[in-house]
Undergrad: 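I am attaching a structure below and will ask some questions about it afterwards.
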Amino acid sequence: MTSDSSGTVAASRFVQAVAGEIQDVPPIWCMRQAGRYQDSYQALRRHHSFDALCREPDLAARVALNAVEELDFDAAILFSDLLFPLDALGLPVSYDDGGPKLARRLDEDGLDTLRDVDAAMAALAFQAAAVAETRAHLPGDRGLIGFIGGPWTLFVYAMEGTHTGTLTRAKTSLPLYRRFAAHLVPLLERMARAQLHAGADLVMVFDTAAGELSPAAFQQFVAPDLARLASALPQQLGYYARGLHPAHLDETGVQAIGPWAGLGLDWRWNLAETLASPARRGFVQGNLDPSLLHLSGGALTRALDEFLDPIARLSPAERRGWICGLGHGVLQGTPPASVKTFVQTVRKRLA
């Protein structure tokens, strides 16, 4: 929040977009905007483990703030990991340079050994503390985003130890998903509430693997849990699933699965058409292909022009609620200079 010359408190550009207010220039925020591609992050990793960067609130806040300070994003996001709820429930997760590793996979017998929600929340207190620490040092004109994992994606990790590949074990265990979700969803709701209470303007639900389901399976097994989350915290949660297709939803978009604040889109969606759709409700986040930020010079300029041209032809009213960003997270090895060019180009082009 900022104050104008009259002393009136004004919402950040990010909060205005979430609320659907008309703006010429959209706020810019990217998934994975803080992390391995940054020199400042690598400097911290030389002295601290990834686990410590997430679990120590002052370090997590420093990582989140560095991205805003260095790359001028309009919002910071909690620096943490999707899988910590599994660890808190009693499915141990460890981290090394090769990525997260589960000590054991979920099965029928393992359901009965999961910790209760109160115990899991106590083990996850560091996340809300990191949100509060980030908020305490974040400039008032910048937004703050929390996040939780989507229930299907966390089930996939618990079953597969990854969210890539055929996901055969998870997809053939849908009755087990229902039982696991009954235990998990109340925890996710409490996590989101805690992050909002700590100062987050919005909590994103990252359900990366949900787009791998057929529309019918998504609607039958996953949508009820998503609707429960959205209904518990109406207009305070956003939803993203890589590979999500309009067929997973209905003609009104994400609202088909509950009163969401908005939807993140990957690069396979036509962003201009989605923004201009009369049926759209809520914000839209996205959706440049993150691979394009590995370009530089004239090639990057051309790619950004091709991305922005159809959106620039829309009126500010049609673009209302757009949060500009990538269709997925910033990729490892992305040149920070290309990210800066992206941010600066969007603002210059739409000013």
Side-chain angles (χ1 to χ4, degrees), residues 2 12-18 20-41 64-77 138-139 141-145 204 238 240 242 262-276 280 283-351:
T2 57
S12 68
R13 187 180 298 277
F14 176 81
V15 169
Q16 289 175 333
V18 171
E21 296 182 23
I22 296 173
Q23 303 179 88
D24 290 332
V25 180
I28 303 170
W29 158 69
C30 298
M31 289 177 273
R32 295 180 183 165
Q33 66 185 22
R36 289 179 289 180
Y37 75 104
Q38 292 179 276
D39 291 340
S40 60
Y41 177 83
L65 292 164
N66 280 346
V68 173
E69 293 168 2
E70 295 168 10
L71 297 160
D72 202 25
F73 293 112
D74 289 286
I77 184 168
L138 188 67
D141 63 346
R142 307 302 162 112
L144 179 56
I145 306 164
M204 288 295 298
Y240 169 80
R242 185 175 63 189
L263 178 67
L265 305 181
D266 74 12
W267 58 93
R268 284 164 280 210
W269 289 64
N270 185 313
L271 181 59
E273 286 185 3
T274 302
L275 288 172
R280 175 169 71 89
F283 73 80
V284 171
Q285 188 271 333
N287 70 338
L288 180 74
D289 185 338
S291 296
L292 298 178
L293 291 186
H294 280 257
L295 298 171
S296 61
L300 178 59
T301 299
R302 288 188 292 274
L304 294 178
D305 284 343
E306 290 175 3
F307 171 67
L308 291 170
D309 281 348
I311 301 167
R313 287 194 288 268
L314 301 178
S315 69
E318 289 173 313
R319 297 199 305 263
R320 76 197 184 286
W322 178 36
I323 300 169
C324 181
L326 305 180
H328 199 62
V330 179
L331 300 174
Q332 185 178 4
T334 298
S338 294
V339 179
K340 288 184 180 179
T341 298
F342 171 55
V343 172
Q344 293 166 356
T345 301
V346 171
R347 291 191 179 133
K348 181 178 180 181
R349 181 72 186 277
L350 299 175

Undergrad: Could you note down all residue pairs passing ring-ring contact (aromatic ring centres under 6.0 Å, His included) where residues 285-327 supplies at least one of them, sequence neighbours left out?
TA: none

Undergrad: Which residues pass the side-chain hydrogen bond (donor to acceptor under 3.5 Å, both in side chains) test with Asn66, sequence neighbours left out?
TA: Arg62

Undergrad: Please enumerate all residues that pass side-chain hydrogen bond (donor to acceptor under 3.5 Å, both in side chains) together with Asp72, with sequence neighbours excluded.
TA: Arg142, Arg347

Undergrad: Please check if the side chain of Asp266 supplies one atom and the backbone of Gly327 the other of a donor-acceptor pair under 3.5 Å.
TA: no

Undergrad: If we only count heavy atoms from C-beta on, is the Val346 to Leu308 side-chain gap below 4.5 Å?
TA: yes

Undergrad: Looking at every heavy atom in both Cys324 and Pro26, which two are closest together, and how far apart are they?
TA: CB-CG, 4.0 Å

Undergrad: Report the distance from atom OG of Ser338 to atom CG of Leu292, rounding to the nearest 0.5 Å.
TA: 10.5 Å

Undergrad: side-chain contact (heavy atoms from CB on, under 4.5 Å) for Asp309 and Arg349? Distances and angles first, verdict last.
TA: CA-CA 9 Å; Asp309 281 348; Arg349 181 72 186 277; 2.5 Å; yes

Undergrad: Partners of Arg36 by salt bridge (charged side-chain N to carboxylate O under 4.0 Å, His left out), sequence neighbours excluded?
TA: none

Undergrad: In plain terms, say whether Arg13 and Asp24 are close enough for a salt bridge, that is, a side-chain N and a carboxylate O under 4.0 Å apart.
TA: no

Undergrad: Determine which pairs satisfy salt bridge (charged side-chain N to carboxylate O under 4.0 Å, His left out) with at least one residue from residues 315-324, sequence neighbours left out, and list them in order.
TA: none

Undergrad: So do the side chains of Leu331 and Tyr37 get within less than 4.5 Å of each other, counting heavy atoms only?
TA: no

Undergrad: Looking at CD1 of Ile323 and CG of Asp74, how far apart are the two atoms once the value is rounded to the nearest 0.5 Å?
TA: 9.5 Å

Undergrad: At their closest point, which heavy atom of Ile77 faces which heavy atom of Gln33, and how far apart are they?
TA: N-NE2, 4.2 Å

Undergrad: Kindly write out the residues that satisfy side-chain hydrogen bond (donor to acceptor under 3.5 Å, both in side chains) with Ser40, not counting sequence neighbours, or none if the list is empty.
TA: Glu70

Undergrad: Measure the acute angle between the ring planes of Tyr240 and His328, then classify it against the limits of 30° and 60° as parallel, tilted or perpendicular.
TA: tilted

Undergrad: So, taking the atom named CG in Leu275 and the one named CZ in Arg280, what distance separates them when rounded to the nearest 0.5 Å?
TA: 5.0 Å

Undergrad: Can you measure from OG1 (Thr334) to CG (Leu295) and round to the nearest 0.5 angstrom?
TA: 10.5 Å

Undergrad: Quick one: closest heavy-atom pair of Leu300 and Leu293, and the distance?
TA: CD1-CD2, 4.1 Å

Undergrad: Of all heavy-atom pairs between Trp269 and Leu263, which one has the smallest distance, and what is that distance?
TA: CH2-CD2, 4.4 Å

Undergrad: Would you name the heavy atoms of Pro336 and Leu71 that are closest together and state the gap between them?
TA: O-CD2, 3.8 Å

Undergrad: If I take atom CZ from residue Phe342 and atom CD1 from residue Ile28, how far apart are they, to the nearest 0.5 angstrom?
TA: 6.0 Å

Undergrad: Looking at CG of Leu326 and CG of Leu265, how far apart are the two atoms once the value is rounded to the nearest 0.5 Å?
TA: 12.5 Å

Undergrad: So does Pro27 get a backbone contact from the side chain of Gln16, meaning a donor-acceptor N/O pair under 3.5 Å?
TA: no

Undergrad: Could you report the tightest heavy-atom contact between Leu314 and Ala272, atom names first, then the distance?
TA: CD1-O, 3.8 Å

